[in-house]
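Since the structure comes first, as structure tokens, the remarks are kept for the end.
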Amino acid sequence: MSASVIDLIATEARFGAHNYEPIGVVLSRGEGVWVWDTEGNRYLDCLSAYSAVSQGHCHPKILAAMVEQAHRLTLTSRAFHNDQLALFYEEIAALTGSHKVLPMNSGAEAVESAIKAVRKWGYEVKGVPDGAAEIIVCANNFHGRTLGIVGFSTDPETRTHFGPFAPGFRIIPFGDAAALQDAITPNTVAFLVEPIQGEAGVIIPPAGYFSEVRQLCTANNVMLVLDEIQTGLGRTGKLLAEQHEGIEADVTLLGKALSGGFYPVSAVLSNNDVLGTLRPGQHGSTFGGNPLACAVARAAMRVLVEEGMIENAARQGERFLEGLKNIRANTIREMRGRGLMLAVELHPEAGRARRYCEALQAKGILAKDTHEHTIRIAPPLVITSDQVDWALERLATTLTQDVS
Ligand SMILES: *Cc1c(COP(=O)(O)O)cnc(C)c1O
């Protein structure tokens, strides 16, 4: 590393809160599946900013929409109408088959907003006594970093010394429909769950789980809230991961790739009932639904469909997983994934996944470890077969070598 790169890293460490532990690379440019560091080294991005850059870095059509809109109007607040919001609503509703839309900014804000909305629905539509609403969530969930959300995390690192936390959440194991049945009470308003647990290490639930979940929620008048902030918008090879299960959520949360990585844009999508309970003054956000965000999100959704990225994610995901499964190395415990949401789980004896990520960096691949022993692989959805094969070759040599 050059002196200037070491300087940048040191300056970050000196002034910044130390709430991340980045891989030692300083990036300065991106295009499609590739990123470059300040010294001109090229890497295949196998993280895609935790799936926010699904459309590829600096997608030219999203960029053009952003620049064009930035010249015209960026922010009005919702005190006035803007000429992009209606079009954003119409297009996201048509794409996802939703009835109502609440625009927010970060993913965590969408989750918080959904919690507020399903509670209000519980009191005003379901008839739960005021203050008694319960929401069921899963162990090892990841829904964001705000106080309300970390309060129902089961990860000690996420929670410790951030309390006291809000009551009203019950935690059950992921993938266990019987546990859901047992946890539901007359005061249960919602079950909040990820279709595939991303941050927990790409954990795919057993087949049939979500159809049972759907039946239980319907039978008990409980809103099924699917957090598709990471799995949504093509990542798993379908527009929404719920489509693999043949179900429909009552509330769907989107974020990350909703802007193709240009800008924080998130949304709560619901049937008429849940978001229908919100009245003027009861919820809001200065930046939520701003014209720049709407223009960027419209372009991000458009290119996803027009350029066949969802189909490509299914096709390349299959190729990638098959290639991973063909790698013979005694470091590997399991290869799993759906679409381009993939994970390599190492045997604990193989050492920390971070070591392998650093070895991959040296070969031109950026990937990120999660939970000590898992390497997550989630390239932009525009990846080609040749690029998948290129990555597989490097993964194979890295996983069979001693990195300790
Ligand atoms: C990333 C993520 C969030 C939080 O999104 P932020 O934009 O970081 O607040 C919530 N849920 C899931 C499933 C995520 O992957």
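Both counts, for ligands and for their atoms, begin at 1 and track the order of listing. Count residues from 1 along the sequence.
Contact atoms of ligand 1 toward Gln230: 15 (O) (distance under 4.0 Å to a heavy atom of the residue). Of all the atoms in ligand 1, the ones that sit under 4.0 Å from a non-hydrogen atom of Ile229 are 2 (C), 3 (C), 10 (C), 11 (N), 12 (C), 14 (C). In summary, the atoms of ligand 1 found under 4.0 Å from a heavy atom of Ala108, numbered by their order in the structure, are 4 (C), 5 (O), 6 (P), 9 (O). Of all the atoms in ligand 1, the ones that sit under 4.0 Å from a non-hydrogen atom of Phe142 are 1 (C), 2 (C), 3 (C), 11 (N), 12 (C), 13 (C), 14 (C).
Remark: Thr331 OG1 to Ile375 CD1 distance equals 8.0 Å, nearest 0.5 Å. Once rounded to the nearest 0.5 Å, the distance linking CG of Asn272 with OG1 of Thr277 reads 11.5 Å.
A donor and an acceptor atom, one from each side chain of Gln230 and Arg235, are nowhere located under 3.5 Å apart.
Given atom 11 (N) of ligand 1, the protein heavy atom at minimum distance is Asp227 OD2, 2.7 Å. In terms of protein heavy-atom proximity, atom 2 (C) of ligand 1 is closest to Lys256 NZ, 2.5 Å. Ranking protein heavy atoms by distance to atom 6 (P) of ligand 1, first place goes to Gly107 N, 3.4 Å.
Under a 3.5 Å cut-off, the side chain of Gln197 and the backbone N or O of Ala139 do form a donor-acceptor pair. Using a distance-only test at 3.5 Å, with no hydrogens or angles considered, no donor-acceptor pair links the side chain of Tyr50 to the main chain of Glu199.
Surrounding CD of Glu318 are at most 12 heavy atoms belonging to other residues, nucleotides or ligands under 6.0 Å away.
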Thr398 and Gln401: CA distance, side-chain angles, deciding distance, side-chain hydrogen bond (donor to acceptor under 3.5 Å, both in side chains) verdict: CA-CA 5 Å; Thr398 307; Gln401 87 190 24; 4.9 Å; no

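At under 3.5 Å, not a single nitrogen or oxygen of Glu199, backbone or side chain, sits near a nitrogen or oxygen of ligand 1.
For atom 9 (O) of ligand 1, the protein comes within 4.0 Å by at least one heavy atom.
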